[in-house]
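Only one structure is covered here, and it is reproduced in the block below.
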Amino acid sequence: MIADKQVLSKIPDACTLLFEAKQAKKLSFEQIAAELDRSEVWVAALFYGQAKPEGRDIERLHATLGVPKDALEASLGDGFFPDKCGLTDMPPRDPVLYRLYEIVANFGYAYKAIIHEKFGDGIMSAIAFDVQIEKEQVDGADWVKIIQRGKFLPYKRF
């Protein structure tokens, strides 16, 4: 799947090349992630310009997808710093993104209260963070399982 035109207009040029190469080679994010030795969510974030690749990632993307290395370096190299939140309107209009937003809107304070009860006054990092997305079968139906894990960061007293 290539990102929609509105999203493509907001991401670095090399990301469009990555999407085109992914589609042409019929590779999944999971397959590309295995070649890069990264998680599939991180790789998908990179394709959307929301993660910063290291030199080895650029080398492996070039080798795996055939995207010109100089194009990757020019667009995603040393001078590139990801835009972490610029692709999504709030509230999101895309149904999948809206459901994720809705989960936080409905359960956010419950999550916050439980985090504070278990850890104290602080936050869950979205920087020291990882996530996995799995497919499960429950009573014959497909279920999405999202596992998020972030480092607890206590608020500093000053």
Side-chain angles (χ1 to χ4, degrees), residues 1-109 111-112 115 122-136 142-153 155:
M1 165 182 118
I2 292 185
D4 67 48
K5 291 181 182 180
Q6 182 181 357
V7 171
L8 287 175
S9 71
K10 297 178 182 180
I11 62 176
D13 293 338
C15 293
T16 302
L17 298 176
L18 291 173
F19 275 111
E20 290 169 352
K22 176 185 179 293
Q23 184 175 32
K25 293 189 177 267
K26 296 180 169 63
L27 294 173
S28 67
F29 286 121
E30 183 178 27
Q31 292 168 314
I32 298 166
E35 295 297 321
L36 272 64
D37 195 28
R38 299 281 189 191
S39 79
E40 66 184 323
V41 173
W42 185 89
V43 170
L46 173 63
F47 273 57
Y48 284 97
Q50 295 180 313
K52 184 172 178 64
E54 296 176 346
R56 74 177 185 105
D57 301 314
I58 289 175
E59 291 284 345
R60 291 177 182 179
L61 284 167
H62 167 67
T64 303
L65 296 172
V67 175
K69 187 177 162 188
D70 60 337
L72 293 170
E73 288 173 340
S75 191
L76 302 172
D78 291 337
F80 169 71
F81 296 96
D83 179 358
K84 298 288 190 175
C85 298
L87 295 180
T88 306
D89 297 326
M90 292 310 269
R93 288 179 250 178
D94 177 87
V96 173
L97 298 177
Y98 182 80
R99 290 298 169 247
L100 294 170
Y101 168 81
E102 184 179 42
I103 289 166
V104 173
N106 285 315
F107 298 103
Y109 277 96
Y111 292 173
K112 174 183 166 55
I115 288 169
I123 62 169
M124 182 181 89
S125 177
I127 296 170
F129 176 84
D130 59 47
V131 63
Q132 294 175 335
I133 300 174
E134 299 174 0
K135 182 178 178 180
E136 288 186 340
D142 289 338
W143 283 63
V144 177
K145 181 177 181 180
I146 301 173
I147 304 164
Q148 298 181 17
R149 185 176 74 156
K151 181 179 179 181
F152 179 74
L153 303 172
Y155 286 115

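Since this is a predicted model, take the numbers as computed values, not measurements.
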Worksheet item: Is Ser75 reaching over with its side chain to a backbone N or O of Ala71, donor-acceptor style, under 3.5 angstrom?
Response: no
Geometric cation-pi criterion Lys151 and Phe129, 6.0 Å radius, 45° cone: no
- List the steps and the verdict of salt bridge (Lys or Arg N to Asp or Glu O under 4.0 Å) for Lys25 and Glu20. CA-CA 9 Å; Lys25 293 189 177 267; Glu20 290 169 352; over 6 Å; no
Contacts satisfying salt bridge (Lys or Arg N to Asp or Glu O under 4.0 Å) that involve residues 77-92 (not counting sequence neighbours) are Asp89-Arg93
Check whether any side-chain heavy atom of Gln50 sits under 4.5 Å from a side-chain heavy atom of Leu87, and report yes or no. yes
>> As a quick check of understanding, evaluate side-chain contact (heavy atoms from CB on, under 4.5 Å) for Lys135 and Val144, giving each step before the final call.
In response: CA-CA 5 Å; Lys135 182 178 178 180; Val144 177; over 6 Å; no
Taken to the nearest 0.5 Å, the spacing of Leu72 CG from Asp13 CG works out to 11.5 Å
Fill in: Candidate pair Lys145 and Glu136, rule side-chain contact (heavy atoms from CB on, under 4.5 Å), full reasoning
CA-CA 7 Å; Lys145 181 177 181 180; Glu136 288 186 340; 3.0 Å; yes
Rounded to the nearest 0.5 angstrom, the CD-CE distance for Gln148 and Met124 is 5.0 Å
Rounded to the nearest 0.5 Å, the NZ atom of Lys52 sits from the CZ atom of Phe81 at a distance of 5.0 Å
Q) So do Pro12 and Phe80 actually touch side chain to side chain, heavy atoms under 4.5 Å? A) yes
OH (Tyr48) and CG (Leu8) are apart, to the nearest 0.5 Å, by 8.0 Å
Value for CG (Leu100) from CD1 (Ile146), rounded to nearest 0.5 Å, stands at 5.0 Å
Heavy atoms of Leu46 and Pro53 approach each other most closely as CD1-CD, 3.5 Å
**Asked** Is the closest basic N to carboxylate O distance between Arg56 and Glu59 below 4.0 Å?
**Response** no
Counting only N and O atoms by type, is there a donor-acceptor contact under 3.5 Å from the side chain of Asn106 to the main-chain atoms of Ile103? no
Problem - Polar side-chain atom of Ser9 near backbone of Gln6 as donor-acceptor pair, under 3.5 Å - result: yes
Value for CZ (Arg38) from CG (Leu61), rounded to nearest 0.5 Å, stands at 10.0 Å
Is there a side-chain contact between Val104 and Tyr109, using heavy atoms and a 4.5 Å cut-off? no
**Study point:** Side-chain donor/acceptor of Glu35 to backbone N/O of Ile32, under 3.5 Å
**Key:** no
| message | Within the supplied structure, the quantity of interest is the number of heavy atoms (other residues, nucleotides, ligands) at a distance under 6.0 Å from Phe152 CZ; does it exceed 12? | response | yes
